[in-house]
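Just below is one structure, and these are the notes that go with it.
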Amino acid sequence: MREAFAERSLNYVSKYNNYNELELVKIKYGLEALYTIITKTLGILLISLFLKIFKETVLLMALYGTMRLFGHGIHAKKSSHCWIASIITYVAFPLLIKYFVIKKTAIICCWALSFISFAIWAPADTPKKPIVNKKKRILDKIITIIVSIFLLAIAIKSNNILVNNCIFFSYIMSMITINPLTYKLFGIPFNNYKTFN
């Protein structure tokens, strides 16, 4: 379904534009990613509505998505694996967020671990999307660390259990997705940019 959508869209786009082979590959990859993001997000949001964890899911997606935007991280090899991981993550964690209270000391400890993780491993790229530009890698690392510090400041000042729990699990998810052990566990190469130097 995803590839069919990308192919149809690519055929339409290439009718009106003159792209070389590499540009077409990039456009197809982008279209597939867009299709996956939209369908997966809608599916997860529908499940969260059914389970009455919509607020928790949306906030977790927003906070984690902000850190992932610059910290990057692992991507599943297959779309079906991505679906399974996303549904488990965005159903299990929001349920924990809804029914448990994470103490501020736990959030601070988790932030310290994530800070070290970001300093060492962020941004974590993928074989399909290696981050070959050194300046971009440094900038993404700095922004990821700044975002994590900003979220910590919110958690320390806030007494909102929902916000604080979402920040805690955002740190957990970010650490897992950029950790080289996670890459190794799923048989995906780490530091892919190094193969392009």
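Owing to the predicted nature of the structure, the values given are computational and were not obtained by experimental measurement.
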Determine whether [X] and [Y] fall in the same hydrophobic cluster, where Ile, Leu, Val, Met, Phe, Trp and Tyr are linked whenever their side-chain heavy atoms lie under 4.5 Å apart.
| X | Y | value |
| --- | --- | --- |
| L69 | M61 | yes |
| I138 | F118 | no |
| L113 | I176 | no |
| I87 | V58 | yes |
| Y193 | F190 | no |

Shortest non-hydrogen contact between [X] and [Y], atoms and distance:
| X | Y | value |
| --- | --- | --- |
| H75 | I188 | O-CD1, 3.2 Å |
| T144 | F70 | OG1-C, 3.1 Å |
| L63 | C166 | CD1-CB, 3.6 Å |
| F54 | L45 | CE1-CD2, 3.7 Å |
| C82 | K40 | SG-NZ, 3.1 Å |
| M67 | L151 | CE-CD1, 3.9 Å |

In Å, rounded to the nearest 0.5 Å, how long is the span from [atom1] of [X] to [atom2] of [Y]?
| X | Y | atom1 | atom2 | value |
| --- | --- | --- | --- | --- |
| Y90 | S48 | OH | OG | 11.5 Å |
| I161 | F168 | CD1 | CZ | 14.5 Å |
| N160 | L59 | CG | CG | 8.0 Å |
| K128 | N192 | NZ | CG | 12.5 Å |
| F150 | I143 | CZ | CD1 | 14.0 Å |
| S114 | W111 | OG | CH2 | 7.5 Å |

Set out, in order, the CA-CA distance, both residues' side-chain angles and the distance that settles side chain to side chain contact (heavy atoms under 4.5 Å, CB included) for K104 and N164, then state yes or no. CA-CA 8 Å; K104 288 189 182 185; N164 289 353; 3.8 Å; yes
Is atom NZ of K52 surrounded by more than 12 heavy atoms (other residues, nucleotides or ligands) closer than 6.0 Å? no
Is any side-chain heavy atom of I178 closer than 4.5 Å to a side-chain heavy atom of H72? no
Check against side chain to side chain contact (heavy atoms under 4.5 Å, CB included), N179 and S117: CA-CA 7 Å; N179 194 303; S117 297; 5.5 Å; no
By ring pair (Phe, Tyr, Trp, His ring centres under 6.0 Å) - contacts of Y64 (at least two apart): none
Sidechain-backbone polar pair: [X] side chain, [Y] backbone, donor-acceptor under 3.5 Å:
| X | Y | answer |
| --- | --- | --- |
| R137 | I131 | yes |
| T41 | I38 | no |
| N133 | K136 | yes |

With D125 via salt bridge (Lys or Arg N to Asp or Glu O under 4.0 Å) - residues at least two apart: none
Matching residue for F93 among T57, I53, N165, L60 - test: side-chain contact (heavy atoms from CB on, under 4.5 Å): L60
Could you give me the CA-CA distance, side-chain angles and deciding distance for I74 and T126, then say whether side chain to side chain contact (heavy atoms under 4.5 Å, CB included) is met? CA-CA 6 Å; I74 195 168; T126 63; 5.8 Å; no
W83 and T39: CA distance, side-chain angles, deciding distance, side chain to side chain contact (heavy atoms under 4.5 Å, CB included) verdict: CA-CA 10 Å; W83 267 97; T39 55; 3.9 Å; yes
